[in-house]
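In what follows, a single structure is set out as structure tokens and then discussed.
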2 protein chains.
Amino acid sequence: MQTLSTEDYLKAIYHASQFTSSTVATTSIANKIGAKPSSVTDMFKKLSEQKLVKYEKYQGVSLTNEGVKTALRIVRKHRLWESFLVSHLNFNWDEVHQVAEQLEHIQSEKLTNELERFLDYPTHDPHGDPIPNRALFMKSYNKILLTELPLNKEAVCVGVKDNSSDFLRYLDRRQIGIGTPILVLHREDFDQSLHIQAGNSTLMITQKTAENIYIKP
Amino acid sequence: MQTLSTEDYLKAIYHASQFTSSTVATTSIANKIGAKPSSVTDMFKKLSEQKLVKYEKYQGVSLTNEGVKTALRIVRKHRLWESFLVSHLNFNWDEVHQVAEQLEHIQSEKLTNELERFLDYPTHDPHGDPIPNRALFMKSYNKILLTELPLNKEAVCVGVKDNSSDFLRYLDRRQIGIGTPILVLHREDFDQSLHIQAGNSTLMITQKTAENIYIKP
DNA sequence: AAATATTTTTAGATTAGACTAAATACTATG
DNA sequence: CATAGTATTTAGTCTAATCTAAAAATATTT
Ligand SMILES: [Mn+2]
Ligand SMILES: [Mn+2]
Ligand SMILES: [Mn+2]
Ligand SMILES: [Mn+2]
């Protein structure tokens, strides 16, 4: 049985390792968790004793199979709760993260599985991220960043890379959300900004915005 | 902002003070919480510093107004979650307590209030206990114990005093639940056992059972 | 009211999780 | 490849929440 804190570390390591093929560095976790590197080192040792990570001094960590499973169980709960908050409790997609951060630690298999059933086995959360099923398996779309979409090729927004409230509310104002059809009309060579058609409206977005939107062609 | 542990103490003090007019004793909380009396003394001091309880050495504690409010906010969440688990997630009334014990600590006013709306403003939890509304006000039935019901007077089960899984499942087997109509047919003077009509069936229950069932005449 | 029993508090220790400051190991640059 | 710079670890401290053992206060019984 894990504590709330070890669970957050495992999840952070899991997410960090999605973006690197090698091991996860101490400072990268320190930044994610909001703790000092020395605290992270301590935790790496604890997790290593529990065989949830492989840790060698100065070499960072990687999750063991058991560590991945534990992390996925948290991710599963996190995304199911986010889905619930949006679909039944009138939360907007930019408000759910902080609450799901707490709810993900509730220990009850029955609760998790019944919640999943109640939501009718959702496959993706409100941000387009895949939800691990009971067997911890998840199928992610073959998504690419909007920056990589060729001109005049039809695509649909299926997710966001930046989950910050600021970015999500910005997208709300631009009327871009999961499922919005997107077409790139023009790419400005000078600064890589894009003229796009999103739904019914035409608008301009910066490169920074484009590289935080996932689409499926 | 309270910690999980201080919240559990406040709730325990709140519940204990429902059964006594004087202050709440150290050992009674120690038993409820499952901690040693020395730990409880420590906590009493902490809560006293935060002005959530009035504490005098060797004299037990009583909640301040602020302490009562904090306790009621936890009770509100606990009972709303219990209701949700039973009404939407297929939990039986004997399974909800342990999970609600965790869920009651989730910090989000919006979550609590939206959950309440989603459940359509329930006034009582699955055990018949009243749910404080947003203003922390609750109206409890004018209930009495089944031991006090006169012979042949119509009544309805509205709650239970013992919330243990054992007792609740025992009632399930006897087909007694919240809302079940009850009539006392005969009271055995020898051991105070009762012959009752519960719903359609006639059955015998012990005094101990009867003094854990609340009814409204 | 004294003696005894029970309850409560104090003193001192432990553990998890965090921190700061200092030491050590890697890495990148010249 | 030496050295400066960065990342990481170690050493020592702190706080919250717990514990045990012993002391002190209160309650009960003779
Ligand atoms: Mn979390
Ligand atoms: Mn999400
Ligand atoms: Mn609790
Ligand atoms: Mn209840």
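Every chain is numbered from 1, with letters handed out A, B, ... down the list of sequences. Keep in mind that what you see is a predicted model, and the values were worked out from it rather than measured.
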Quickly work out the [X] [atom1] to [N] [atom2] distance and round it to whole Å.
| X | N | atom1 | atom2 | result |
| --- | --- | --- | --- | --- |
| B/Ile29 | C/dT9 | CD1 | P | 12 Å |
| B/Phe44 | D/dA25 | CZ | P | 19 Å |
| B/Met43 | D/dC19 | CE | C1' | 14 Å |
| B/Tyr58 | C/dT9 | OH | C1' | 4 Å |
| A/Asp42 | D/dT9 | CG | C1' | 9 Å |
| A/Tyr55 | D/dT10 | OH | P | 6 Å |
| B/Asn31 | C/dT6 | CG | P | 15 Å |
| B/Ile33 | D/dA16 | CD1 | P | 18 Å |

OP1 or OP2 of [N] under 4.0 Å from side-chain N/O of [X]:
| X | N | result |
| --- | --- | --- |
| B/Lys57 | C/dT8 | no |
| A/Ser39 | C/dC19 | yes |
| B/Lys46 | D/dA17 | yes |
| B/Thr41 | C/dT9 | yes |
| A/Thr3 | C/dG17 | yes |
| A/Lys45 | D/dT10 | yes |
| B/Ser38 | C/dT9 | no |
| A/Ser5 | C/dA16 | no |
| A/Thr27 | D/dT6 | no |

Can you confirm whether the side chains of B/Asp8 and B/His105 place a donor and an acceptor under 3.5 Å from each other?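 Present: a donor and an acceptor within the cut-off.
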Side-chain contact, heavy-atom cut-off 4.5 Å: [X] with [Y]?
| X | Y | value |
| --- | --- | --- |
| B/Ser48 | B/Lys54 | no |
| A/Ile213 | A/Leu171 | yes |
| A/Thr112 | A/Leu115 | no |

NA contact type, A/Tyr9, heavy-atom cut-off 4.0 Å: base, sugar-phosphate, or nothing?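 Contact class for A/Tyr9: sugar-phosphate only.
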Any base atoms under 4.0 Å from A/Thr26, or only sugar-phosphate, or nothing? Heavy atoms, all strands.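 Since only primed, P, OP1 and OP2 atoms lie under 4.0 Å of A/Thr26, the category is sugar-phosphate.
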Among pairs that include at least one residue of residues 205-216 of chain A, which meet salt bridge (charged side-chain N to carboxylate O under 4.0 Å, His left out), considering only residues two or more places apart or in two chains?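 Sorted pair list comes back empty.
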